[in-house]
Amino acid sequence: MIDIKLLREDPDRVRTSQRARGEDEGIVDAILAAEQTHRSSLTEFEQLRAQQKSLGKQVAQAQGDEKQALLARTKEISARVKQLQADADTAQATLGDLIRQIGNIVEDGVPVGGEDDYTLLETVGEIPEFDFEPRDHLALGESLAAIDMERGAKVGGSRFYFLTGVGARLELALLNMGIAQAVEHGFTPMITPTLVKADVMAGAGFIDKHGDEVYRLEADDLYLTGTSEVALAGYHADEILDLSAGPKRYAGWSACYRREAGSHGKDTRGIIRVHQFHKVEMFTYCRVEDAAAEHQRLLGWEKEMLAKIEVPYRIIDTAAGDLGGPAARKFDCEAWVPTQGRYRELTSTSNCTTYQARRLNTRERDPNGQGTRAVATLNGTLATTRWMVAILENHQQADGSVVVPKALQPFLGLEVLRPVA
RNA sequence: GGAGACGUCGCCUAGUCCGGUCUAUGGCGCCGCACUGCUAAUGCGGUUUGGGUUUAUCGCCCAUCGAGGGUUCAAAUCCCUCCGUCUCCGCCA
């Protein structure tokens, strides 16, 4: 949720942001009007309520006829107070519904436009050249006895899979390497709930626009999370944090669940796009002034991880229209996938500034004055199951074996993965 | 799953039975000031959060006693639903 004060004081900034995202800017004026309505109805309610309270005190002390007269007056006021309160509540709900439709204010420098309008920031590493026909990650995974899609489909349906033997070990090694790096940089490792309540899901911003993407357990009114970001965003909900000693950094380890609605027919082969996978995710709470710098740090830690698996990749600055609602800016790192001849997303880091925190009511003492203010939240990927695709394909050899990147070897306990006969 | 106890503004706590001087008590902690070689101790004052009004402050007002409803002129207090914590019993990885 954006700051209503910002919208009031600088509506043009919000309009510009909406335009960059390709979204309705007329809503700004609707919100301004709704706020006026809310404020006047609230004032009206409060004034009569004050009168009701002071009369109530007289009632308590009065006796006999005087008391009866007061009761008659106060009964009438009571009914009006109730009505005014209902009006004020309605006005507030209307305002809330409107303002929640606005995405975060896009950071300066973010390219305008949709999915294809990203800015290429950097390309790292050499695209490998094979003197043999490279096999895709699933062919490799099957011959290594690492991935079993067929039985995955038998048990869970399409887009489910088993990681078997070295496949399971490779995933654990990758995730453990992510946790190890996070710990090395001062993150607190966290294993998070993957089922969360509706208000946490909504607070993290995953219901409004990604509603179709999310699994919901009807019987319990719980949501399966698509990333530990959700649980970590909820972790400090309704709290006042002390960030005077620096940001709070968490590394969440969790299973992730995505419905992949609307992506029928896309990436149907292998484990690129699946309903369930694992991820180690960085999550930071920091002061809003530090958020942009922290975003660069998160990107730096993603690059550090990508260097460890020795695959070529590029970094893009996602266009405004491709940002999630809570994000003010997003950098994706995309690894080269040889058999597809293109780059595929391995990491994504978003600066959500105060957007999530405002919804989840996570604040700090205002260092510049009195009272409290919303903190900033950021997130970024350290490792996911999908990384196996890039590792397998980029490090494959003519005989079907796969060389394990050096940094990963101590975690995996193997230097080479060899095909099973 | 069954039975019971509980949830008060950082922490602890009074108030709830019997609705109205509760504008929520007291202690601890914390902040400020005073006194004082320093620290400590002591004294005085302040200390939930959100919002409205004003906006240069002061001030005034509303909401907030786990959450949401209800009863009532009036709810921390009475009723209902939900959430959470603890104890015991049962069942089960």
Side-chain angles (χ1 to χ4, degrees), chain A residues 1-10 31-100 191-203 216-223 231 234-245 248 255 285 288 354-375:
Chain A
M1 175 164 69
I2 65 160
D3 188 354
I4 183 92
K5 280 186 203 128
L6 171 79
L7 188 138
R8 202 162 52 212
E9 284 160 15
D10 193 358
I31 291 173
L32 288 171
E35 210 223 349
Q36 272 308 321
T37 306
H38 172 233
R39 235 195 297 190
S40 64
S41 70
L42 191 62
T43 303
E44 214 178 331
F45 157 70
E46 286 184 351
Q47 279 169 357
L48 196 64
R49 174 70 177 153
Q51 199 182 332
Q52 181 191 31
K53 282 177 73 169
S54 77
L55 275 176
K57 271 174 204 156
Q58 295 175 40
V59 171
Q61 288 168 357
Q63 297 290 328
D65 286 349
E66 191 192 356
K67 184 160 188 163
Q68 290 313 310
L70 279 169
L71 276 178
R73 268 183 73 195
T74 199
K75 265 183 193 173
E76 182 211 336
I77 287 179
S78 171
R80 281 171 56 211
V81 164
K82 226 165 236 183
Q83 184 56 49
L84 288 173
Q85 176 160 37
D87 292 348
D89 287 350
T90 305
Q92 183 168 34
T94 305
L95 176 61
D97 287 347
L98 282 172
I99 196 156
R100 265 183 266 280
I191 294 176
T192 65
T194 52
L195 282 166
V196 301
K197 297 194 265 186
D199 57 339
V200 174
M201 204 65 176
R216 173 164 179 233
L217 301 196
E218 185 82 36
D220 301 282
D221 199 23
L222 290 171
Y223 294 82
Y235 186 67
H236 285 304
D238 299 317
E239 293 183 25
I240 296 174
L241 303 182
D242 180 3
L243 297 175
S244 59
K248 286 186 179 296
Y285 291 89
V288 65
T354 56
Y355 193 90
Q356 286 177 330
R358 193 166 281 115
R359 271 196 179 184
L360 289 162
N361 193 27
T362 305
R363 296 164 293 159
E364 64 171 332
R365 302 275 165 210
D366 193 335
N368 307 315
Q370 301 203 318
T372 63
R373 62 174 195 169
V375 303

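Lettering follows sequence order; numbering is per chain, from 1.
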So what does A:R73 touch, heavy atoms closer than 4.0 Å: a base, only the sugar-phosphate, or nothing?
-> nothing
If only atom types and distance count, is the side chain of A:S78 paired as donor or acceptor with the main-chain N or O of A:T74 below 3.5 Å?
-> no
Whole-Å gap separating [atom2] ([N]) and [atom1] ([X]):
{"X": "A:F45", "N": "B:U53", "atom1": "CZ", "atom2": "P", "answer": "15 Å"}
{"X": "A:D242", "N": "B:C31", "atom1": "CG", "atom2": "P", "answer": "13 Å"}
{"X": "A:D366", "N": "B:G50", "atom1": "CG", "atom2": "P", "answer": "10 Å"}
{"X": "A:E46", "N": "B:U53", "atom1": "CD", "atom2": "P", "answer": "9 Å"}
{"X": "A:L222", "N": "B:C82", "atom1": "CG", "atom2": "P", "answer": "16 Å"}
{"X": "A:I77", "N": "B:U72", "atom1": "CD1", "atom2": "C1'", "answer": "15 Å"}
{"X": "A:Q85", "N": "B:G70", "atom1": "CD", "atom2": "C1'", "answer": "13 Å"}

Look for any protein N or O under 3.5 Å of an N or O in nucleotides 73-77 of chain B and output each such pair with its distance, or none.
from	atom 1	to	atom 2	distance (Å)
B:C73	OP1	A:K75	NZ	3.3
B:C73	O3'	A:S78	OG	3.2
B:C73	O2'	A:T74	OG1	3.0
B:A74	OP1	A:S78	OG	2.9

Are the side chains of [Y] and [X] in contact, using a 4.5 Å heavy-atom criterion?
{"X": "A:K197", "Y": "A:L222", "value": "yes"}
{"X": "A:I2", "Y": "A:Y355", "value": "yes"}
{"X": "A:R373", "Y": "A:P367", "value": "yes"}

For [N] and [M], measure between their [atom1] atoms and round to the nearest Å.
{"N": "B:A40", "M": "B:G46", "atom1": "P", "answer": "22 Å"}
{"N": "B:G29", "M": "B:C80", "atom1": "P", "answer": "41 Å"}
{"N": "B:A67", "M": "B:U8", "atom1": "P", "answer": "10 Å"}
{"N": "B:C38", "M": "B:A76", "atom1": "C1'", "answer": "47 Å"}

How do A:K53 and A:R365 order along RNA chain B: which one's closest nucleotide is nearer the 5' end?
-> A:R365
Complement of B:C35, any strand, by Watson-Crick or G-U distances under 3.5 angstrom = none
May I ask which nucleotide in the shown strands pairs with B:U81, Watson-Crick or G-U wobble, both distances under 3.5 Å?
-> B:A67
Examine the side chains of A:D87 and A:Q83 and answer whether a donor and an acceptor come within less than 3.5 Å of each other.
-> yes
Assess the side chains of A:Q52 and A:R49: does a donor N or O sit below 3.5 Å from an acceptor N or O?
-> yes
Whether over 12 other heavy atoms sit under 6.0 Å from A:R216 CZ = yes
Nearest-nucleotide pick for A:K57, side chain only, options being B:U49, B:G52, B:U23 = B:U23
